[in-house]
Amino acid sequence: MKAAIFFIFMTILVTQLQAKTLLILGDSLTEGIGVAKDQAYPALLEKKIRTSGKNWKVINAGISGATSASGISRMKWHMKQKPDLVILALGANDGLRGFAISETEKNLSTVIEMGQKEKIQMVLAGMLMPPNYGKEYSEKFKNLFPKLAKKYKVRLIPFLLDQVASDPSLNQADGIHPNEKGHQVVAETVYKNIQDLL
Amino acid sequence: MSSTTCIEARGVSLIKWVIRELRGNYQFCLLFLLNISIGLVGFICLDAYKTTLSMSLKEQAKSFLSAELAVTVRRLFNDQEINKIESQLPAGTQRGHLREFFSMVTSKSQSRLVQVKAIDQTYPFYGQMALRSGKKIESSSEKEILSQKKVWVYPELLSQMKLEVGDSLILGDQNLVIADVITDDTSQTFRLASLAPKIYVGLDQIKDSSLFSKGSTISDVFLYHFEKEEPQVVAERIKKTLQDNTIQVLTDKEASEDSGRVLGYLTDYLGLVSLIGLFMSFLGGVYLYRSYLFSRVKNVAIYNTLGLTRARAQLMYIVQVAVLGLLASLVSLGISYSLLPVLQKLLAEFTPIQIAVHIPMKTVFLAIFSGVVISILVGLPFLRGLSKIQVSTLFQEGSEIHLEMKLSDLFFYAPAAVAFWSLTFWQANSFMVTNIFVSAFLGALIILSVIGGALLQSLRLLQKSRYWPVKQAVLFFVRRPISALVSLVSLGLGVLLIQLLPQLKTSIQSEVEMPKNLSLPSIFIFDIQSDQVEILKSWLGENNLKLNYLSPMVRGRIIRHNNQTFEERIENQNTLTREEESEKRFRNRAVNISYREGLAESEEVVQGKFPVDPVKSPNDIAELSLEKKYAERLGFKLGDELTFDVQGVEIKGKVTSFRKVKWNSFQPNFFILIQRGVLEDAPQTYLGALPRLTPEQVDHYQKELVSRFPNVSMIDVTRVINRVVELTEKMSFSLEFMALIALFAGFMVIYSMIIQQTRDRRWDLNMLKILGAKEGQLAQMLVLEFFFISLIGTALGALLGLGVSAGISLFLFEGLFVVNYAALFGASAVIILMCLILAYLTTRKIVREKPAVFFEM
């Protein structure tokens with residue numbers, strides 16, 4: 001009996017000590033183009049989670065220019081690390097390049113299904129298109145993310161760049177990519193939306 | 001002779017005597033005129049060509065930007081900012097306003113991404129657009145898209161969306177009719193190949209639409225057209241006033257920097273060619289004039305005995321050289337003016353912006369100045385010698401009587417040296433380049449004199465030869481070391497200058513030209529996923545197409561350099577200057593890493609060894625091959641260790657080679673190549689290219705690819721490549737043409753120098769003939785003599801030419817240097833052969849002369 005109690009205690013202890021893995025599968029916004037790696041939002045998020053006393057490791061799987069189509073092969077590669085939680089932050093480049101919404105939807109669906117099949121908690125980060133892409137396209141794009149979140153019953157971060165997009169003080173000169181301060185806001189947004197899942 | 005006794009008393013005009021002297025020495029006059037004229041024609045034509053080409057390029061640069069200055073930001077400008085900007089502009093500046101952005105346009109059946117350019121009436125201040133209807137659109141043209149709901153589109157949009165002129169498009173909430181198709185657009189730089197076709201629309205037609213609201217990613221651009229101030233100066237003022245790194249201030253020069261760099265090499269080269277041509281002709285002129293004056297020493301001594309003062313004699317020869325110089329300038333100007341149409345045709349090859357080739361007034365002035373003043377200045381040291389002629393000279397024997405020279409006489413070379421320095425500065429417009437060029441020339445002169453002199457001295461060893469012609473040939477060097485050295489140095493300098501042009505040309509050409517047997521692409525395909533590669537290849541195979549240059553791309557961050565943190569944290573971007581922020585952000589960018597079995601045609605290893613074999617074990621440190629300029633910018637050296645973060649996995653690599661990449665080859669190239677066997681399993685996408693296709697095929701396959709592989713992105717590079725290939729070929733032709741002209745001029749100069757040298761030997765040859773030497777012996781002697789001189793002079797000149805070319809390449813052309821072996825050995829062989837043939841022909845001519853000629857000398 002004592003041995004059994006000791007075994008259970010040790011199992012709980014090891015589990016607590018072993019860091020869990022949060023994978024962020026994204027594009028240049030996640031990669032943190034132009035800012036140092038430790039100033040990009042995935043690194044800031046990890047700090048934030050650890051400060052709250054939780055033992056999580058955040059993997060920055062952001063690739064500049066990546067479209068949703070790359071999500072499938074990249075998910076396969078990262079599943080080897082058996083992540084506990086995946087934030088899917090892809091799709092912005094699809095929109096900027098004018099891809100058909102149905103194509104983005106198909107790719108994001110595949111990635112979510114791959115994760116759910118492996119019992120990985122999936123979170124979807126919503127994106128918006130700038131108004132210059134036209135009302136019709138922007139609306140369709142905006143609606144894609146809630147639609148997928150509802151369909152697959154996954155947590156939705158309504159807009160990854162909430163409070164950051166279109167604020168010059170939080171963006172680099174290109175007006176699209178967040179600067180160091182912008183990444184702090186993004187980290188906060190993500191944290192708020194997933195803290196109960198950690 | 002009696003007429004000369006009272007030259008001054010009788011008041012016979014100086015000019016009359018000058019003409020008489022010149023008439024009596026028409027052979028010298030012709031050679032001198034030929035030499036100086038060739039140099040001056042080259043100088044005038046190339047200068048006119050260079051000036052006009054520079055003007056055209058400046059105009060072209062303005063047409064890329066379509067103004068002198070552009071101020072742009074990736075949002076909308078506010079009134080306060082506009083006021084600040086415009087407070088810094090010169091009075092009378094014209095303002096243009098445009099907005100550029102990506103958007104989706106919709107037709108009845110489909111949507112498509114386009115790049116929108118919303119313009120106002122002023123656009124473009126420079127350059128023009130050609131429309132399919134035949135209209136040319138300039139700043140003053142009437143533009144239907146400004147007042148009506150109409151749009152001009154790039155042709156590919158019509159085929160991609162199956163539309164025609166007259167059909168409608170929806171942009172934002174506007175319904176726009178396609179009014180015309182743009183067939184040419186000068187605002188398109190060589191590199192710009194957009195992801196989407198362009199459309200032009202009137203700014204007022206969409207200004208109030210929902211396209212421009214909070215969050216829009218647009219470029220708001222104000223274009224400024226002014227003439228009173230340098231754009232760079234105004235740009236600096238605006239930057240200081242704004243203190244906002246997000247606002248870009250661009251000048252015409254910066255806008256054309258990429259495409260203008262290579263053309264800049266060409267104008268620098270032309271400047272050098274014209275200068276070298278001029279140097280060469282005056283070198284020939286100096287040599288001829290020296291020989292001529294020495295041949296006139298006895299006459300001057302006779303004139304002196306008959307009452308002509310030495311000063312008067314000097315004046316006579318100064319007027320002679322000035323008259324010849326003036327004649328050469330006028331002849332050169334005449335020839336140059338008649339060559340203008342040819343230059344105009346050549347210029348038309350380069351730039352669509354045509355400016356009539358003209359000879360600038362300052363060039364005309366400089367040509368006359370060079371012809372007259374520099375001719376006098378280069379003759380000054382020898383004219384100085386005339387004041388030392390003694391009557392005893394009349395009792396000396398020989399064809400060449402040496403004038404006593406002191407070290408202080410070197411002072412008389414100073415005016416010519418200053419004149420050449422000033423000319424070089426006028427051409428190069430840089431103290432550094434001028435000093436390098438003049439120092440290189442003087443250095444070569446000293447090296448040639450020292451080494452050439454030593455080698456000639458070493459020929460004394462052959463003095464004891466039993467073979468009479470060898471002995472006699474060597475005796476010439478022993479008895480007249482100065483004369484032999486002058487011949488050798490002049491020849492060496494001529495060869496040096498001749499070598500400079502093809503060597504520099506080859507170096508620039510190697511940069512400009514595309515690698516041989518390169519398959520140029522028509523469409524770049526990127527974002528191909530790993531699992532799509534085989535499907536895509538097979539589909540293309542069914543259509544008899546091959547996916548060329550397939551290259552994997554893995555994205556990674558450099559996190560450590562030799563175990564030191566590589567990235568630079570930015571705590572507060574407001575404390576950084578625009579340049580500092582841009583440099584730091586460059587370091588903080590992830591990089592594309594690729595791997596390949598061997599080098600591509602468009603790259604070569606310049607240092608170290610390329611890793612051909614894969615790593616032996618996955619745990620080994622991989623070898624890295626870096627693009628040289630990229631490595632220089634980031635301070636990476638051979639042997640350095642770099643650590644990458646590839647999607648959360650750390651990969652270590654050691655720099656083992658540097659590559660030089662021809663970026664204009666249109667082959668996929670990478671700053672960083674890693675040894676195979678390391679990144680094959682990492683997440684990656686592929687980049688490939690389709691071979692050259694007809695415009696119809698390009699349209700067809702683009703449409704097919706979009707429908708079959710919707711995630712794959714494409715860029716049609718046909719238009720850009722056509723323009724670059726055309727420009728490259730023409731530039732290459734122009735370089736060849738200029739180098740050939742300069743080579744021809746160089747050979748002409750060398751020819752006249754050799755002719756003069758052989759003429760100088762007439763007295764000796766006639767003496768030997770009278771003493772019983774046979775024609776064959778004389779021919780062998782002279783040929784051997786010239787063989788020694790030409791071999792040493794040419795070898796030294798060619799080697800020095802290589803050295804100087806490498807030096808100039810280093811400073812002027814960013815270190816590009818490729819040896820042109822054909823020119824090195826070919827031109828040297830031609831010069832040596834020319835020397836030998838001319839020596840032989842001269843001997844034959846002299847042998848046929850009557851012995852009485854001896855008494856005429």
Side-chain angles (χ1 to χ4, degrees), chain A residues 23 28 31-40 57-70 72-78 81 93-94 96-100 102-104 106-107 128-138 165-166 168-169 171-176 179-181, chain B residues 73-75 101-106 111-114 116 170-173 195-196 210-218 245-248 527 529-532 555 557 559 565 567-573 578 581-582 584-586 588-590 645 647-648 681-685 710-713:
Chain A
L23 174 78
S28 55
E31 182 186 272
I33 195 166
V35 303
K37 191 190 168 197
D38 64 353
Q39 289 181 304
K57 180 187 168 194
V58 178
I59 297 174
N60 182 340
I63 291 185
S64 282
T67 58
S68 62
S70 71
I72 302 161
S73 59
R74 286 161 63 200
M75 186 69 179
K76 272 185 206 161
W77 158 269
H78 287 293
Q81 298 179 68
N93 285 314
D94 297 43
L96 293 174
R97 289 190 206 166
F99 284 2
S102 56
E103 193 59 30
T104 309
K106 193 176 86 187
N107 293 331
L128 297 178
M129 271 297 101
N132 48 291
Y133 275 72
K135 208 174 173 182
E136 192 189 336
Y137 189 74
S138 300
S166 75
S169 69
N171 284 287
Q172 294 177 38
D174 61 12
I176 297 176
N179 59 18
E180 290 71 16
K181 282 184 189 166
Chain B
V73 71
R74 291 275 286 173
R75 54 178 166 80
F101 55 95
F102 282 100
S103 188
M104 297 298 285
V105 287
T106 314
S111 297
R112 194 89 197 164
L113 184 74
V114 290
V116 184
I170 297 170
L171 171 68
D173 41 19
L195 269 173
S210 57
L211 294 170
F212 307 128
S213 53
K214 197 181 176 213
S216 293
T217 50
I218 61 153
N245 291 357
T246 62
I247 300 175
Q248 299 284 311
D527 250 349
Q529 303 302 314
S530 305
D531 53 1
Q532 288 179 316
R555 193 90 177 158
R557 271 175 181 271
I559 49 172
T565 306
E567 294 185 323
E568 293 209 13
R569 291 173 61 88
I570 300 175
E571 300 303 341
N572 184 0
Q573 69 183 31
R578 197 183 301 262
E581 188 187 337
S582 151
K584 280 178 189 277
R585 298 225 180 272
F586 179 73
N588 292 342
R589 271 173 183 269
D645 173 356
Q647 302 288 290
D681 292 332
Q684 54 202 285
T685 55
N711 63 288
V712 162
S713 296

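What you see is a predicted model, and the numbers here were worked out from it, not measured in a lab. All chains are named by letter (A, B, ...) in the order of the sequence lines, taking the proteins before the strands, and each is independently numbered beginning at 1.
- Your options are B:Thr685, B:Asp645, B:Asp173, and the one with the most heavy-atom pairs under 4.5 Å with chain A is B:Asp645.
- Interface remark: of the candidates A:Ser73, A:Ser28, A:Gly34, A:Gly34 forms the most heavy-atom pairs closer than 4.5 Å to chain B.
- The contact between B:Leu211 and chain A is made by backbone and side chain atoms together, counting heavy-atom distances below 4.5 Å.
- No donor-acceptor pair under 3.5 Å is formed between the side chain of A:Ser138 and the backbone N or O of A:Pro131.
- A donor-acceptor contact shorter than 3.5 Å is absent between the side chain of B:Gln248 and the backbone of B:Thr246.
- Between the CG atom in B:Asp531 and the NZ atom in A:Lys76 there is a gap of 5.5 Å [rounded to 0.5 Å].
- Contact count versus chain B (heavy atoms, under 4.5 Å) is highest, among A:Ile59, A:Asp94, A:Val35, for A:Val35.
- Proximity to chain A is limited to the side chain of B:Ile559, based on heavy atoms less than 4.5 angstrom apart.
- If you tally non-hydrogen atom pairs under 4.5 Å between each of B:Thr217, B:Val105, B:Val73 and chain A, the highest count goes to B:Thr217.
- Side-chain N/O atoms of A:Arg97 and A:Thr67 include no donor and acceptor closer than 3.5 Å.
- A donor-acceptor pair under 3.5 Å links the side-chain atoms of A:Asn132 to the main chain of B:Phe102, judged by distance alone.
- Chain B forms more heavy-atom pairs under 4.5 Å with one residue of A:Ala69, A:Ala165, A:Ala66, A:Gly134 than with any other, namely A:Ala69.
- Neither the backbone nor the side chain of A:Leu23 comes within contact range of chain B; no heavy atom of the residue lies under 4.5 Å from a heavy atom of that chain.
- Note: B:Gln684 CD to A:Ile63 CD1 = 9.5 Å, rounded to the nearest 0.5 Å.
- B:Arg112 CZ to B:Thr106 OG1: the interatomic distance, rounded to the nearest 0.5 Å, is 12.0 Å.
- Interface remark: of the candidates A:Lys135, A:Glu31, A:Arg74, A:Glu31 forms the most heavy-atom pairs closer than 4.5 Å to chain B.
- Of the two parts of B:Gln529, only the side chain, counted from C-beta on, holds a non-hydrogen atom closer than 4.5 Å to a non-hydrogen atom of chain A.
- Here A:Ser70 is the residue among A:Ser70, A:Gly62, A:Ser68, A:Gly65 with the most heavy-atom pairs under 4.5 Å with chain B.
- Note on A:Gly32, A:Pro130, A:Gly175: by heavy-atom pairs under 4.5 Å with chain B, the leading option is A:Pro130.
- Using a 3.5 Å distance cut-off with no hydrogens or angles, the side chains of B:Asn711 and B:Gln532 do pair a donor with an acceptor.
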